[in-house]
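Worksheet: one structure, shown below.
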Amino acid sequence: QNNQLRIEISNHNLKHGEFKFCFSLVYSIISIDGAEIIKQVGRYYEIKTHQNIIFVTLQATRIKSYNMSCGPEGVFIINKNEELLELNLKSLKFEKEIIAPVYDFETLDNFNPIIPEPEVANFKNKFINLNNLKIKINSEDAKFTEVFSPYTSAINLDFNYLEGFPLILKKIEIEDEEYMININEHKIEIIFGNYAGKFYAITSLIQLIHFYKNKLPLCNISDKPSLIWRGMHLDCARQFYSISEIKRLFNYMALFKLNRFHWHLTDNEAWRIQLDCYPSLTDTGAFRGYNQIIPPFYGSGYKKYGGYYTKDDVAELINYGKKLNIEIMPEIDLPAHSWTLLQVMPELRDQSSNTESQDVGLYSNNTINPSIKETNIFLENIFKELSEIFTFDTIH
């Protein structure tokens, strides 16, 4: 209730003051009782204990409660000889746990399961049978429907050109991303203007089939997005995600017709995009750990952790995204949130100044100086190369 975290260290024969208890937090420490902070960078802490039980008062949350990620993460203990000690962690417990609500789900024959809800959807409360879950397409559309395999394989849906309920695809002059679906007793007709409209029509059809299982409602659907920019942001600086993990996210984005991936590639904690003009940014700035220049922020722990994205990785993800009508906007976080960048390139700060800046995340001097020559050279070089790597027309 008082934003306090209780840490108990037990079953040990260590002398207090002769070892370091190391961890990171999502929320900053306001005060500590039973120990002292001997090193702090951002929200990574090394403390020396005075007793077995420590009380830490945390920064208050906006939502007035804490979750599992709010406890100490990436915990390790180092003895006076700088050796890593074996450690067993117990699960975080809450003074008062919030019980998850239970929802009642009912299948309704007149329910519209398409997300986002289409502009126009007329359901006739009549159904065709799709017992075998086979949809017959023209042979020239076979390659196009392969893109939907993450969804079709999950629900045993089969697009093929030999058998099944007929699907007719027809291109006409309508707006980008717009589409129409007409389902009657004899066929499914999809009308589209460009690739995106065609893609979203099939996505909506899959959503219908997934919801109604072995039947399909007779309906007329007309839809186009109300927003041009439908974005999803992923922070790959605080935590590194592989290309395969990001592709999995793209599959979910496309299922809900999101079309912009906001790729957060740099921050105080890491620099993730490999650039020929400054290779040391990823050689050093993409990894963190106890013995690294970048300490183990956000629960990464004692061992070396991290990774970065090469030009080939980016090209692979761009091509994958285009098949799902997703464009990638890279973000380089500047001029602040640049603590890692400044560990690699300290010349981007004015070294003659004795001014110390600090941000809400407790990172000291994490802002590059816009008034020095080195900064302009740096910015020109990185944005020129980023513009060659990424095909979208915007960099954040």
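Remark: K90 does not engage E8 in a salt bridge, criterion side-chain N to carboxylate O under 4.0 Å. Using a cutoff of 4.0 Å between basic side-chain nitrogens and carboxylate oxygens, D276 and K311 are scored as salt-bridged. A salt bridge does not link E374 to R349: none of the charged side-chain nitrogens sits closer than 4.0 Å to a carboxylate oxygen. One finds no salt bridge joining E185 and K124 here, because no Lys/Arg side-chain nitrogen approaches an Asp/Glu carboxylate oxygen to under 4.0 Å. Salt bridge absent: R260 and E327 never bring a charged side-chain N and a carboxylate O closer than 4.0 Å. Using a cut-off of 4.0 Å between Lys/Arg side-chain N and Asp/Glu carboxylate O, K198 and D141 are scored as salt-bridged. In summary, E269 and R288 do not engage in a salt bridge, as defined by a charged side-chain N under 4.0 Å from a carboxylate O. Ion pairing between E388 and K384 holds under the 4.0 Å rule for side-chain N and carboxylate O.
Neither side chain, T310 nor D312, offers a donor N or O lying under 3.5 Å from an acceptor on the other. When only modelled atom types and interatomic distance are considered, Y363 and S357 share no side-chain donor-acceptor pair under 3.5 Å.
In the hydrophobic clustering of ILVMFWY residues, with side-chain heavy atoms under 4.5 Å counting as a link, F250 and F392 come out apart.
Looking at N160, its side chain does come within 3.5 Å of a backbone N or O of E163 through a donor-acceptor pair. Under the 3.5 Å distance criterion, the side-chain polar atoms of E245 are matched with a main-chain donor or acceptor of S242. Remark: the backbone N or O of I115 is paired with a side-chain donor or acceptor of K257 at under 3.5 angstrom. A donor-acceptor pair is defined here as one N or O able to donate and one able to accept, closer than 3.5 Å; no such pair exists between the side chain of E189 and the backbone of L167. A donor-acceptor contact shorter than 3.5 Å is absent between the side chain of R6 and the backbone of F55. Looking at R43, its side chain never comes within 3.5 Å of a backbone N or O of S24 through a donor-acceptor pair. At least one donor-acceptor pair under 3.5 Å links the side chain of Q51 to the backbone N or O of I53. Between the side chain of S338 and the backbone N or O of L334, no donor-acceptor pair lies under 3.5 Å. Between the side chain of E178 and the backbone N or O of E175 there is at least one donor-acceptor pair closer than 3.5 Å. Judged purely by atom type and a 3.5 angstrom limit, Q40 uses its side chain to pair as donor or acceptor with the backbone of L362.
Counting heavy atoms from C-beta outward, E82 and K20 have side chains that approach closer than 4.5 Å. I137 has its side chain within reach of T145: a pair of non-hydrogen atoms, C-beta onward, lies under 4.5 Å apart. Two residues are said to be in side-chain contact when any heavy atoms from C-beta on lie closer than 4.5 Å; Y66 and L5 fail this criterion. The closest side-chain heavy-atom distance from T284 to Q343 is not below 4.5 Å. S204 is not listed as a side-chain neighbour of I221, based on a closest heavy-atom distance of 4.5 Å or more. Inter-residue side-chain proximity for L258 and I326 is flagged as unmet; no heavy-atom pair is nearer than 4.5 Å. Side-chain atoms of V314 and I273, non-hydrogen and from C-beta on, do get closer than 4.5 Å to each other. With a 4.5 Å cut-off on side-chain heavy atoms, C22 and I77 do not count as touching.
Remark: S222 OG to E119 CD distance equals 6.5 Å, nearest 0.5 Å. Separating the CD1 atom in I372 from the CG atom in D350 is a distance of 6.0 Å, to the nearest 0.5 Å. Here the CG atom belonging to L58 is positioned 9.0 Å from the OG atom belonging to S31, to the nearest 0.5 angstrom. Separating the CG atom in L14 from the OG1 atom in T49 is a distance of 8.0 Å, to the nearest 0.5 Å. One finds the OH atom of Y27 at 7.5 Å from the CD atom of Q59 (value rounded to the nearest 0.5 Å). The CG atom of L208 sits 12.0 Å away from atom NZ of K213, with the distance rounded to the nearest 0.5 Å.
Residues F297 and W339 place their aromatic rings such that the two centres sit under 6.0 Å apart. Taking the six-membered ring for Trp and the full ring otherwise, the centers of F21 and F19 sit at least 6.0 Å from each other.
When each of L324, I318, I328 is paired with F261, the side-chain contact (heavy atoms from CB on, under 4.5 Å) condition holds for I328 and for no other. Among the candidates F287, Y308, Y309, the single residue satisfying the ring pair (Phe, Tyr, Trp, His ring centres under 6.0 Å) test with F240 is Y309. The side-chain contact (heavy atoms from CB on, under 4.5 Å) test with T152 singles out one residue from V147, D158, I206, and that residue is I206.
F383 CZ: more than 12 foreign heavy atoms inside a 6.0 Å radius. In H262, the NE2 atom is crowded: over 12 heavy atoms of neighbouring residues, nucleotides or ligands sit closer than 6.0 Å. For K247, the NZ atom is densely surrounded, since the number of other residues' heavy atoms within 6.0 Å is greater than 12. Counting non-hydrogen atoms of neighbouring residues, nucleotides and ligands closer than 6.0 angstrom, the CG atom of L89 exceeds 12 such neighbours. Counted within 6.0 Å of CG on L92, heavy atoms from surrounding residues, nucleotides or ligands total more than 12; the atom is thus considered enclosed. Open room surrounds OH on Y161; 12 or fewer heavy atoms of other groups in view lie less than 6.0 Å from it. By the neighbour-count criterion of 12 heavy atoms within 6.0 Å, atom CD1 of I228 is sparsely surrounded, having that number or fewer from other residues, nucleotides or ligands.
Of all heavy-atom pairs spanning C277 and N381, the tightest one is SG-O, 3.9 Å. Residues E177 and N259 share a closest heavy-atom pair of OE2-ND2, 3.4 Å. What you find for P72 and I7 is that their closest heavy atoms are CG-CD1, 4.2 Å. Nearest approach of S280 to V344, heavy atoms of both residues: OG-CG1, 3.5 Å. The two residues P150 and Y320 make their nearest non-hydrogen contact at CG-OH, 4.5 Å. Nearest approach of L157 to L133, heavy atoms of both residues: CD1-O, 3.4 Å.
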Q. Are E18 and K80 close enough, and set up right, to give a salt bridge (Lys or Arg N to Asp or Glu O under 4.0 Å), and what steps lead you there?
A. CA-CA 5 Å; E18 292 189 351; K80 61 183 178 181; 3.7 Å; yes
Q: Walk me through it: do F123 and Y212 pass the test ring-ring contact (aromatic ring centres under 6.0 Å, His included)?
A: CA-CA 13 Å; F123 288 85; Y212 286 109; 7.1 Å; no
Q | Test log, rule side-chain hydrogen bond (donor to acceptor under 3.5 Å, both in side chains), inputs N366 and N268 | A | CA-CA 7 Å; N366 70 334; N268 285 317; 3.1 Å; yes
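Relative ring orientation between Y302 and Y290 is described as parallel, the plane-to-plane angle staying below 30° on a 0-90° scale split at 30° and 60°. Between H233 and H264, the ring planes lie perpendicular to each other; the angle is over 60°, past the 30° to 60° tilted range.
The list of ring pair (Phe, Tyr, Trp, His ring centres under 6.0 Å) pairs with a residue in residues 182-202, not counting sequence neighbours, reads F144-Y195, F148-F199.
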